[in-house]
Amino acid sequence: MKAIHNVIFLCVVVFLSLAVAQSPHTQEAEKKWKIVNFWSEWCAPCRQEIPVLNALNEAIAFTDVILVGINFDEDPRQKTLAIAETMGINFPTLSAEAISELQLGAPDVLPTTYILSPDNAVVAKMIGEQTEESLLAQLTALNLLVETD
Amino acid sequence: MKNLVGAVLLQPLFTFYFAVCICFVCMSSKLQASDAKLELIASPAPLNSSLSRVVTDSTGRVYLSWVTQKEAMATLFYSTLVNGAWSAPEIISQGTDWFNNWADFPSLMVNKDSMAAHWLRMSAAGTYDYDVQAAFYNLDTNDWSEGITIHKDGISAEHGFVSMLPMSEGQTFISWLDGRETIRGGNEETGSMTLRAGIFNKAGETVSEWELDHRVCDCCQTSAAMSSTGPLVVYRDRSEKEIRDIYFTRYVNGKWTEPTAIHNDGWEIAGCPVNGPSVAANGNQVAVSWFTAKDDAPMVKLAISNDGGETFSAPTLVAEQNTNGRVGTTILESGNIAVSWMDTEEPRAKIMLTLYNAEAKLLENTQIATSSASRRSGFPVIVSAGNDVYVTWTQIGSAMQVRVARVIYSD
């Protein structure tokens, strides 16, 4: 009887694990459009565009678009998160594994911001420091309209 | 009969196929035929070493510098290649407050009777504020001086991307990017990055200092060389319209010349390419290689001067399509010019060395190593000693390690 309970318990754990792995949150993230910003702590234009990107991150909070950052310098994860905090970056910074899944080559210029379709195809590449206007123009061109204050 | 017809019909095809194969083999042999001999040299740098450079002194002796990082402690070492063997590594300096970066890293300069080295030290609470520190080797005491901040602005800002040259009387020429104007008046990043240079005596005291350009690209290496007319500095400029082409300025008759473009590539970017130029000089001969990517089309180019850098040739295309730049330039005793660059096929990269004659005619291409496109692989650095070219880079694996190779070119 105890063995049956153990088997049932194990099945429930496996089921819950699979459910978590396939949670709506994960699935939603996977099917969202992504704005991917490459930054570095020593890149002045990267630092200058962060307030604009933070504002955009708030504006797209309930849309089908997410904004994520990549530390161009490939520092270890803890160091990257510490730098992001120091730089005032409020949007998520991708881990090495997540970066690898995107299969994005390193850009020639910093900052560079990509827009990826839900299947991670590059649909736009914006080189250099972006402004609110340039970001909204690109999102509008892709019918990814965002309302800002 | 059927077989015979078939044989007759197929014979020309076989003959043609055979001829094509022969041609292919011949062409392949020709492509692979190279007078260059590549030798990997045992590295004196241990595991977890990176940020290496090779330099030579006036006799052609080769020196290798590198950095190791153990937790917070960074240490700058160097070793000398004597009769094919590296000397025991010696420490130049170490610290727990260094700013070590894959693109902006320490250097070593060797003069006839002195040496100088530099590194970057965090200057204040802002993580991207750092100073250029230099140490000078005293032959009398056989010891390195304490680090000296070479710029005297006293402003917490970015300072880096250093180039150093030996000068007469044991003096050292140093050029660097100086961010003092970016935070003038207390408002961060209101001004532009400047290019500055100075001459320092054996004790590290400033003999002269100049601002060479008031507005340059923020995050690209500078490079300097000594031509027959004096020091020459090349760097990535930044125009008001965000054109970031390669410029140069020379010290002639006690004055710096007006900054001038090596070539008007017209690369407009409001960003950091993190890809500076590289210059080498030998008498009147000056060679500059650089990366550009106008219209998102990456290229490496080479321009040559035969009048000490007064004028430059139209550029020669060294590489395109898959290159990510990270160039190096050196001039061999023969007058031939070697350019190193990287070719990427993410996540891998190839370190390439291309040899040109003095008129920029392509002589040969040599793949030095397969590396990583990762930023951690850093910038390969080259230097010539006679007609050999020494190359150093960081190999990425389970641990990083500095590598060295020698390319021997026949005369």
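Protein chains get the first letters and strands the later ones, always in sequence-line order, with residue 1 at the start of each. Reckoned from all heavy atoms, side chains included, excluding hydrogens, waters and symmetry mates.
Ranked by heavy-atom pairs under 4.5 Å with chain A, the first of B/Ala373, B/Pro298, B/Ser374 is B/Ser374. The candidate from B/Asn324, B/Thr344, B/Val274 with the greatest count of non-hydrogen atom pairs under 4.5 Å with chain A is B/Val274.
A distance of 11.5 Å separates CH2 of B/Trp102 from CG of A/Asp75, quoted to the nearest 0.5 Å.
Side-chain atoms of B/Asp104 and A/Trp42 include no donor-acceptor pair closer than 3.5 Å.
When each of A/Pro111, A/Pro45, A/Cys46 is paired with B/Cys272, the side-chain contact (heavy atoms from CB on, under 4.5 Å) condition holds for A/Pro45 and for no other.
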(request) Test side-chain contact (heavy atoms from CB on, under 4.5 Å) on A/Asp108 and B/Asn275 and set out the steps. (result) CA-CA 8 Å; A/Asp108 290 325; B/Asn275 235 319; 5.6 Å; no
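Contact record, A/Glu74 with B/Arg376: OE1-N, 3.6 Å, taken as the closest heavy-atom pair. Closest approach of A/Ala44 and B/Asp218 over heavy atoms only: CB-OD2, 4.0 Å.
Crowding of B/Glu211 atom CD: a count of heavy atoms from other residues, nucleotides or ligands under 6.0 Å exceeding 12. The local environment of CD in B/Glu320 is crowded, with over 12 non-hydrogen atoms from other residues, nucleotides or ligands closer than 6.0 Å.
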